[in-house]
Amino acid sequence: MAILSTPLQYVKSVPPVTRFFTAATLASSILYLWIQWTTGPIPVAYLTLVPGTSLFFPWTFATSALVEISVIELVISLLVIPASLTYFERLWGTVETLKFIVVCVTGPNIIGCAFNWIEFAVTRNADLFLYGMEYHGQMALFISLLVAFTQVIPEHQVQILGFIKARVKRLPMAYLTFSTIMTFLGFQSPYILIQFGWFVSWIYLRFYKRNVGDSLGGAVTYGDRSETFALTSWFPPFLHTPLSMLGNTVYKLATRLHLVPTSVPHDIESGGYSQVPGGARAEAERRRALALKALDQRLANSSSGSPTQSGASQAQSSRPSPAAPAPAQNERKPSPVEMAVADPSGSDDERR
């Protein structure tokens, strides 16, 4: 019993949503691998998402994320996903974490399935785009968690494989680049879900995630409207202008159609934006990022103006400083007797 107490205590310490999601992933993946081992390598349409049969098995839009079709993928998911979900479940709570999982798994699967149907309509190749691909696994959820980490701790530095160091805010775009390369190489399924997962998770965290008790005296706010989490922050500077124009147009249209929830006015003390979900630690990390950015701009401005300032200071130092006037003293006017004593020569002349 003493040997089993530590694993049991660890399992009990894991939050409920993370515990259930991990157990469901393990059970679904083992079931899929057992079916593949007994029947051969054929798609299992009631476990994974096959675009041609998705209408007959609609639950696969959500449950296909619980299936990893190889042992390597299963091991990676079990090492990464539960630890990340535990962090956010303790940060956000059970309900918000469950909603985040459902949105970031179901949304990319729906977009991916629709994309396959569009490809079929263009190419008329049903064997490839409708029945030759099966979407599965937690790649979309993985990049969604990276986006969430970028929102909460963007400047935190992590070490990958023991020698690669990178800040958290750089990881989503690196993973997105890997997805783009694999998609162009012909591995659309399931790597294209990474791109859809990034976009869906950013929209959800930017506009729809409900935040309670983190700002404005416990008022309800939605999303994170700060500039450091804007769409342009993910792209190089030369794309900021067209992306800003496009994003502002879409946002105004969505607001007019009431597709975006209205948030309360931003807190003035928090610097013009509603406080980042997650409390003091997230807010401190965000303020640190803004302070570093302001410091870089100030150093750049000071370095550009330093030659002029140094020249002016040298010119001022070369000028002779004017003599300071002696302080005025309140002197008493001498009497004639004192003047005579002080100037004996004058008195002799007068006697002569």
Side-chain angles (χ1 to χ4, degrees), residues 65 73 76-77 79-81 83-85 87-88 91 100-101 103-105 107-109 111-112 115 135 137-209 223-248 250-251 273 276-278 282 285-286 288-290 292-293 296-297:
E73 293 178 354
I76 294 175
S77 295
L79 289 176
V80 176
I81 301 298
S84 302
L85 287 180
Y87 177 87
F88 284 107
L91 188 67
F100 177 78
I101 293 173
V103 169
C104 296
V105 164
N109 282 337
I111 298 174
F115 188 74
Y135 291 105
Q138 299 172 9
M139 292 184 179
L141 180 60
F142 181 57
I143 195 170
S144 300
L145 291 170
L146 290 179
V147 173
F149 276 121
T150 302
Q151 181 197 31
V152 176
I153 48 173
E155 299 298 329
H156 186 73
Q157 192 172 21
V158 296
Q159 194 168 2
I160 305 171
L161 300 178
F163 61 93
I164 301 176
K165 293 182 180 180
R167 296 193 182 275
V168 170
K169 63 183 180 181
R170 308 296 183 193
L171 298 180
M173 298 312 291
Y175 197 37
L176 198 66
T177 302
F178 169 73
S179 165
T180 304
I181 294 174
M182 297 301 292
T183 301
F184 279 122
L185 291 178
F187 301 98
Q188 176 176 325
S189 171
Y191 291 101
I192 200 171
L193 293 180
I194 297 175
Q195 303 180 27
F196 300 145
W198 166 77
F199 191 59
V200 169
S201 61
W202 176 80
I203 291 177
Y204 178 73
L205 294 174
R206 177 74 169 173
F207 300 107
Y208 294 99
K209 184 185 175 299
D224 179 8
R225 312 295 173 85
S226 63
E227 290 297 325
T228 53
F229 197 59
L231 181 63
T232 55
S233 64
W234 300 96
F235 296 94
F238 68 90
L239 294 176
H240 287 185
T241 300
L243 286 176
S244 298
M245 296 174 59
L246 178 62
N248 292 334
V250 174
Y251 177 74
Y273 56 85
V276 179
E285 188 72 24
R286 182 59 57 87
R288 178 172 174 266
L290 293 175
L292 288 174
K293 184 177 180 180
D296 291 340
Q297 293 177 353

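W202 contributes a side-chain N or O that, together with a main-chain N or O of F229, makes up a donor-acceptor pair within less than 3.5 Å.
A 4.5 Å side-chain heavy-atom check between H156 and F149 finds every atom pair outside the cut-off. Contact check for T150 versus W234: side-chain heavy atoms found under the 4.5 Å cut-off. For the pair F88 and L91, the minimum side-chain heavy-atom distance is below 4.5 Å. Put simply, the side chain of L239 does not reach to within 4.5 Å of the side chain of T232, judged on heavy atoms. Between V152 and Y87 there is a side-chain heavy-atom pair separated by less than 4.5 Å. At least one side-chain heavy atom of Y204 sits less than 4.5 Å from a side-chain heavy atom of F100. Using a 4.5 Å heavy-atom threshold, the side chains of L85 and I101 count as touching.
Taking CD of Q138 as the reference point, atom SG of C104 lies at 12.5 Å (rounded to 0.5 Å). Annotation: the span from L205 atom CG to D224 atom CG amounts to 8.5 Å, rounded to 0.5 Å. The CD1 atom of I111 lies 11.0 Å from the CD atom of Q195; values are rounded to the nearest 0.5 Å. One finds the CG atom of L176 at 10.5 Å from the CD1 atom of I181 (value rounded to the nearest 0.5 Å). Rounding to the nearest 0.5 Å places CG of L193 at 11.5 Å from CZ of F115. Taking OG of S179 as the reference point, atom CD1 of I143 lies at 7.0 Å (rounded to 0.5 Å).
In the displayed structure, F187 atom CZ is contacted under 6.0 Å by at most 12 heavy atoms of other residues, nucleotides or ligands. By the neighbour-count criterion of 12 heavy atoms within 6.0 Å, atom CZ of F199 is sparsely surrounded, having that number or fewer from other residues, nucleotides or ligands.
Counting only residues at least two apart or on different chains, the side-chain hydrogen bond (donor to acceptor under 3.5 Å, both in side chains) pairs with a member in residues 168-178 are E155-K169.
Annotation for R206 and A230: closest pair NH1-N, 3.6 Å, computed over non-hydrogen atoms. Of all heavy-atom pairs between S233 and E227, the closest is CB-O, 4.4 Å. Scanning both residues, M173 and W198, for their nearest heavy atoms gives SD-NE1, 4.3 Å. Shown here for P172 and V147, the closest heavy-atom pair between the two residues is CG-N, 4.2 Å. Annotation for V80 and F142: closest pair CG1-CE1, 3.0 Å, computed over non-hydrogen atoms. The two residues F235 and H240 come nearest to each other via the heavy atoms O-NE2, 2.9 Å.
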> What do the steps show when you test L146 against V168 for side chain to side chain contact (heavy atoms under 4.5 Å, CB included), and what is the final call?
Replying inline: CA-CA 8 Å; L146 290 179; V168 170; 6.0 Å; no
